[in-house]
Student: 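Structure below; questions to follow.
All ligand and atom numbering here is 1-based and tracks the order in the structure. Each residue takes its place number in the sequence, starting with 1.
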Amino acid sequence: MMIPGPTFLAESTLRAMSRQMVSHRGKETGALLTYCIERLKEVFRTENDLFILTASGTGAMEAAIANIVEPGDKILCTTCGKFSERFKKIAEVFGAQVIEVSSEWGDAIDPEKVKVALDENGDVKAVTVTHNETSTGVRNPVEEISRIVKSHGTLLIVDAISSMGGDHIPVDDWKIDFCLAGSQKCFAIPPGFSFISVSDEAWEVIKRTKRKTFYFDLVSYKKSLEKTPPQTPYTIAITLLYALDDALNLMFDEGLENVIARHHHVAKLARDGIKNMGLKLFPVREEICSNTVTAVKIPKGINDQEFRQKVRERGVVISGGQDKLTGEIFRIGHMGRVTEREINITLNAIRQALSELKFPLNEEAIL
Ligand SMILES: Cc1ncc(COP(=O)(O)O)c(C=O)c1O
């Protein structure tokens, strides 16, 4: 499984999920919930509130928007791919007036353009940024964007769904008001949980907002967590909590900095391997390449479906392009438990598939 989530699970995580049910409002769940949240805060490098939602990543995106948007509010959405465009769609559903600052798919958001848009529009309530645009393999300059957003007194919502845990995203240092992560990505547990941190500044806005959401009303998550025992307003996916506990144990045993360093290392291996074969990375510059997913241009004359089928026959699953990039790129996910071993197996499978399809591989790659 070398797609950009869901990622493959450790044996211990699989075993952790075979435990019996307990009450979702009992002491045992309360203690586990608290312990998981404490450690998630360390991963997020934040002292802000943090909640676990039983919902996939999009649920956390919706929660961030739903808690601060009233019809007519201005939301600035930075867009450069499928997932960043999703924020725009969600904001529109909640009646926001969306101001879009976009970049070509394959390029990163230009912070200067964000500054210009904020200077022109004095009353923007929040800015959305996708840290790791999974659809294009691009990492956006959140720290630079944050400096601009914060100097305008605006809230910053960051989707770190496919990078939190695998890359540096210090939430407090970067003054991120809402930061979102997904369970099936770098945390290497099944899909179904998302995590959302909420700053004090964000709470001020939430309290003033006429919120049109029930399941994602963050005030009820906060109240439930303050109960004895701590809990969630609606039934938490207990099995996923077992998995999360185990996955966090593994991450802390390895060391959070080491986990990030491993992600950086395997990302570079993937990029170098791809370039050595004579293939081209999709992002326009290597410095904006993601550390958790590598997007590669499909060479002329190679059919995407046929190519990925041949890779699959070698036991490796990679992803194709999404939306307008269908048939144009393929993507290798390297997040979660991925090591050099899986990267080498993946690169070999790609090399063999291309060679079978008569793609003229660089000699260096054949050696
Ligand atoms: C950057 C990003 N945002 C949002 C999502 C949506 O998450 P989910 O599919 O878990 O709802 C994904 C999923 O791939 C993603 O990579």
Student: Among all protein heavy atoms in this structure, tell me which lies nearest to atom 9 (O) of ligand 1, with the distance rounded to 0.1 Å.
Tutor: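 Of the protein heavy atoms, Gln184 NE2, 4.1 Å lies nearest.
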Student: Less than 4.0 Å is my threshold; does some heavy atom of His131 fall inside it relative to ligand 1?
Tutor: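 Checking ligand 1 against His131, which is what was asked, there is no heavy-atom contact under 4.0 Å.
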Student: Between Lys41 and Asp49, is there a donor-acceptor pair closer than 3.5 Å when you use the side chain of the first and the backbone of the second?
Tutor: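 Side chain of Lys41 to backbone of Asp49, a donor-acceptor pair under 3.5 Å: no, none is there.
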Student: May I ask you to list the atoms of ligand 1 that are less than 4.0 angstrom from any heavy atom of Met61?
Tutor: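 That gives atoms 4 (C) of ligand 1.
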Student: Answer side chain, backbone, both or neither: which part of Glu133 comes under 4.0 Å from ligand 1, heavy atoms only.
Tutor: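 The answer is neither.
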Student: Under the side chain to side chain donor-acceptor pair (under 3.5 Å) test against Ser162, which residue among Thr292, Asp167, Asn132 passes?
Tutor: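 Result for side chain to side chain donor-acceptor pair (under 3.5 Å) with Ser162: Asn132.
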Student: Assess whether atom NZ of Lys150 is packed by more than 12 heavy atoms of other residues, nucleotides or ligands within 6.0 Å.
Tutor: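 Enclosed.
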Student: Crowded around Arg312 CZ? As in, over 12 foreign heavy atoms under 6.0 Å?
Tutor: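 It does not: Arg312 CZ has 12 such atoms or fewer within range.
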Student: What residue and atom, counting heavy atoms only, is the protein's closest point to atom 13 (C) of ligand 1, and at what distance?
Tutor: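 For atom 13 (C) of ligand 1, the nearest protein heavy atom is Lys185 NZ, 3.1 Å.
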Student: Determine whether the aromatic ring centres of residues His168 and His264 are separated by less than 6.0 angstrom.
Tutor: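 So the answer is yes for these two rings.
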Student: Can you sort out which atoms of ligand 1 are near Ser56, meaning under 4.0 Å from one of its heavy atoms?
Tutor: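 Going through ligand 1 atom by atom, the ones under 4.0 Å from Ser56 are 8 (P), 10 (O), 11 (O).
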Student: Compute whether any side-chain donor of one residue and acceptor of the other, for Thr339 and Glu342, lie under 3.5 angstrom apart.
Tutor: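 Yes, side-chain donor-acceptor contact under 3.5 Å.
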Student: Just which atoms of ligand 1 are under 4.0 Å from any heavy atom in Arg86?
Tutor: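 That gives atoms 6 (C) of ligand 1.
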Student: Does CG in Asp200 sit with more than 12 non-hydrogen atoms of other residues, nucleotides or ligands closer than 6.0 Å?
Tutor: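 Open: at most 12 neighbouring heavy atoms sit under 6.0 Å from CG of Asp200.
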Student: Quick check on contacts: which atoms of ligand 1 are under 4.0 angstrom from a heavy atom of Asn132?
Tutor: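 Taking each heavy atom of Asn132 in turn, ligand 1 has 1 (C) under 4.0 Å.
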Student: Taking atom 15 (C) of ligand 1 as the point of reference, which of Thr134, Thr58, Asp159 owns the nearest heavy atom?
Tutor: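 Among Thr134, Thr58, Asp159, the closest heavy atom to atom 15 (C) of ligand 1 comes from Thr134.
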Student: With heavy atoms of Ser162 as the reference, note each atom of ligand 1 found under 4.0 Å away.
Tutor: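 Under 4.0 Å from Ser162, ligand 1 has these atoms: 1 (C), 16 (O).
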Student: Is there a donor-acceptor contact under 3.5 Å from the side chain of Asp304 to the main chain of Ile298?
Tutor: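 No, the answer is negative, given that no donor and acceptor are paired below the 3.5 Å cut-off.
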Student: Any N or O on Ile161 sitting closer than 3.5 Å to an N or O of ligand 1?
Tutor: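 No, no N or O pair falls under 3.5 Å.
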